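Computed from a predicted structure; not experimentally measured.
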Amino acid sequence: MVDNHPVSKCEIDLYSVYEANSHPSWGEHEQRHQDDLDKVECLRRKIKYYFMNPCEKYHARGRIPWKLMLQIIKIAIITIQLVSFGLSNQMVVTFKEENLMTFKHLFLKDYVDGGMDTYALYRQADVYDHINYIIEQYGHLRNITVGNHAYEKNGITYTPMSLCQEYYRNGTIYPGNETLEIDAQVETGMQNVLNNISKIYTKILNFARLFTSLLMLLLVKIMFTLKAINLQTVRHREQPDCYDFTVIITFNNEVHSGRIKVDLENDVEINECRDWKVTGASPKNIHLTLLFDCLIIITCIISLALCTRSVLTGIQLQFEYTLYCRDHTSKEVPWSDKLEFVSGWYILIIVSDTLTIIGSVLKIEIQTKALTSYDVCSIFLGTGTMFVWIGVIRYMGYFKKYNILILTLRAAFPNVIRFICCAGIIYLSYCFCGWIVLGPYHEKFRTLNTVSECLFSLINGDDMFPTFKNMEKKSRLVWIFSRIYLYTFVSLFIYMILSLFITLITNTYDTIKQQQQSGTPTSELQRFISMCQDLPNSGVYRLQESRSCFFDCFSFR
């Protein structure tokens, strides 16, 4: 049965609207397709622009490469800062080392240069004689030293010399009967010796009574503080520094082998001189140096902000490219392509800027005498400057003839890491074996550190004959084992592992060279970018910038 109910005009209009909304016309479909193509092309231009070098970006959008100019300026001022700090640090190191050598000659009896490794005592009388000699030299310091050394004062009294000993509480030892009875509890005793010559000799006469027996003695430490002024800075128009040297002389009997080793070391504290006046030379204005350091900090902060912004831009482009591949190609972007958007050079610059900022702050603290940690400051400034100069290679990579080194290092890095991990296991096995077997018979194998240094030298062909020759022949079996050990290590690492390592780098170099000559894209990301044929000077990038395509929220949904 057919329903002949008439259709009203309103119903016809509503039906027409529904049909128009549900089934877009061919023209609307074409328009949507064209919009998608424009968005894809926009994404290609954005990514291609991101990977352009500063010169190409200048031709593309006419913007001056401020970031490049800032990096060049930063390299110059950071290098000047490092050289200036290095020269000042060199004077400090020289003054500390020469004072250490002076103290050894003043307070160690019959000391000769370079004799600390063999400087030891073997008789009881020598132990007391050397300790008395130190106390006597300390009492007559003003009359014997050619330097400007002086005693430390605490108010109106001199800081005393301290004699500290560590010993077993009590015990009896009879090596002849192979019997002993000992209390393993270690006690510490300390005695002060004032800077008064008559009192010093009184202490000397009674000093032997400090020890119940030298057999129970573990350590004797003699500690005192001397003051000095570094005058060599005046000739370089720098403010002189006042030094506090805490001298520590140690008589070490922990081994109880009949050989008491003697060592002298000093802790240095640098202070600002309370009152000083220099005539005949105009010292440098410390405020200008501090201002220069502040300028470096500001420059590094700006560089850090710009590079961080570039890293964030790359991450944003990586999200957009991943979204495109997922919606239009149904493929997951490999990690190798994702990491292309995170520039390792920007990360390197960020790390170098951070280290330089910290080092500059420490340098300001040192110049104002708030800190004396020259070593920590040197590590931060030196590492920061090293990374800054390594970052220069990035700009060399914009030239194809120089870019092959960077591409080879980047391509070979994962394989090199895996290769080193495998070779490192073999290397460690030889280290442990050499330490436990050859250590008692060879000086270079006494500790794991010296074993590693010795084997690494053998890999590079250094000190090879002395390593074979210095092996003691007390045990015939160990001597034969040492020959097998050394020959197998040298053959394995020099002729096999090192050759394979060089081959790995060479093959990567040849592959990169062939790819450059062919000019074919090697990844999906490069093929995606290569489809954009717009040259930097075509003007399309400026037009795209005016339409704010670079800052629009990108979506393919």
Side-chain angles (χ1 to χ4, degrees), residues 91-116 119-121 125-165 189-210 219-234 240-252 260-276 369 372:
M91 290 188 291
V92 173
V93 172
T94 302
F95 189 72
K96 291 193 295 186
E97 289 181 350
E98 293 194 1
N99 272 276
L100 178 61
M101 185 61 63
T102 298
F103 296 148
K104 290 179 181 179
H105 281 277
L106 286 177
F107 300 108
L108 299 183
K109 188 176 181 180
D110 301 328
Y111 174 78
V112 294
D113 291 338
M116 288 308 300
Y119 193 84
L121 306 176
D126 291 338
V127 176
Y128 298 125
D129 186 36
H130 279 70
I131 294 177
N132 291 339
Y133 179 82
I134 294 171
I135 300 174
E136 183 179 358
Q137 291 291 99
Y138 178 76
H140 295 92
L141 179 66
R142 294 178 177 178
N143 299 325
I144 60 178
T145 181
V146 296
N148 54 22
H149 301 100
Y151 303 113
E152 183 186 39
K153 275 188 176 183
N154 187 7
I156 60 175
T157 60
Y158 291 104
T159 302
M161 171 191 287
S162 300
L163 289 84
C164 180
Q165 60 168 327
M190 182 173 292
Q191 185 172 358
N192 293 333
V193 180
L194 299 179
N195 187 23
N196 186 304
I197 197 65
S198 61
K199 294 182 179 181
I200 287 176
Y201 278 113
T202 303
K203 300 293 182 182
I204 292 174
L205 295 176
N206 298 323
F207 186 76
R209 300 177 184 177
L210 285 175
L219 289 174
V220 174
K221 288 186 178 180
I222 301 178
M223 297 173 288
F224 52 90
T225 302
L226 299 176
K227 303 181 76 67
I229 300 177
N230 188 1
L231 298 178
Q232 64 174 334
T233 57
V234 176
D241 296 324
C242 292
Y243 288 71
D244 291 345
F245 294 98
T246 301
V247 183
I248 304 173
I249 304 175
T250 305
F251 294 79
N252 191 340
I260 298 180
K261 295 180 290 184
V262 183
D263 186 30
L264 186 148
E265 58 183 7
N266 64 340
D267 295 331
V268 184
E269 182 179 354
I270 305 175
N271 302 311
E272 184 177 4
C273 295
R274 298 180 182 177
D275 187 15
W276 59 277
K369 310 305 176 186
T372 59

4.5 Å side-chain heavy-atom contact, [X] and [Y]:
X    : Y    : answer
T250 : L219 : yes
I270 : V92  : yes
K227 : N148 : no
M161 : I135 : yes

Nearest 0.5 Å, please: how far is [atom2] in [Y] from [atom1] in [X]?
X    : Y    : atom1 : atom2 : value
E98  : N230 : CD    : CG    : 10.0 Å
T225 : K153 : OG1   : NZ    : 15.0 Å
Y133 : L106 : OH    : CG    : 7.5 Å
N132 : Q137 : CG    : CD    : 12.0 Å
I131 : D129 : CD1   : CG    : 10.0 Å
T145 : N99  : OG1   : CG    : 8.5 Å

So, for [X] and [Y], which heavy atoms are closest and what is the spacing to 0.1 Å?
X    : Y    : value
H140 : Y151 : N-OH, 4.2 Å
V127 : L121 : CA-CD1, 3.8 Å
F107 : I134 : O-CG1, 3.0 Å
V262 : M116 : O-CE, 3.3 Å
C164 : M223 : CB-CE, 4.2 Å

>> As a test of understanding, state which of Y138, F245, Y158 forms a ring-ring contact (aromatic ring centres under 6.0 Å, His included) with F224.
In response: Y138
>> side chain to side chain contact (heavy atoms under 4.5 Å, CB included), that's the test. Do L264 and L108 meet it? Break it down for me.
In response: CA-CA 8 Å; L264 186 148; L108 299 183; 4.2 Å; yes
> For K96, does the NZ atom have more than 12 heavy-atom neighbours from other residues, nucleotides or ligands under 6.0 Å away?
Replying inline: yes
> Is the gap between the ring centers of H130 and F251 under 6.0 Å?
Replying inline: no
>> Under the criterion side chain to side chain contact (heavy atoms under 4.5 Å, CB included), I'd like the reasoning laid out for D267 against I248: C-alpha separation, chi angles, the key distance, then a yes or no.
In response: CA-CA 8 Å; D267 295 331; I248 304 173; 4.0 Å; yes
>> Checking V112 against D110 for the side chain to side chain contact (heavy atoms under 4.5 Å, CB included) test, could you report, in this order, the C-alpha distance in whole Å, the side-chain angles of both residues, the deciding distance, and whether it holds?
In response: CA-CA 7 Å; V112 294; D110 301 328; over 6 Å; no
> Would you call the rings of F95 and Y243 parallel, tilted or perpendicular, where under 30° means parallel and over 60° means perpendicular?
Replying inline: tilted
> Is there a side chain to side chain contact (heavy atoms under 4.5 Å, CB included) between D113 and K104 once you walk through the steps?
Replying inline: CA-CA 9 Å; D113 291 338; K104 290 179 181 179; over 6 Å; no
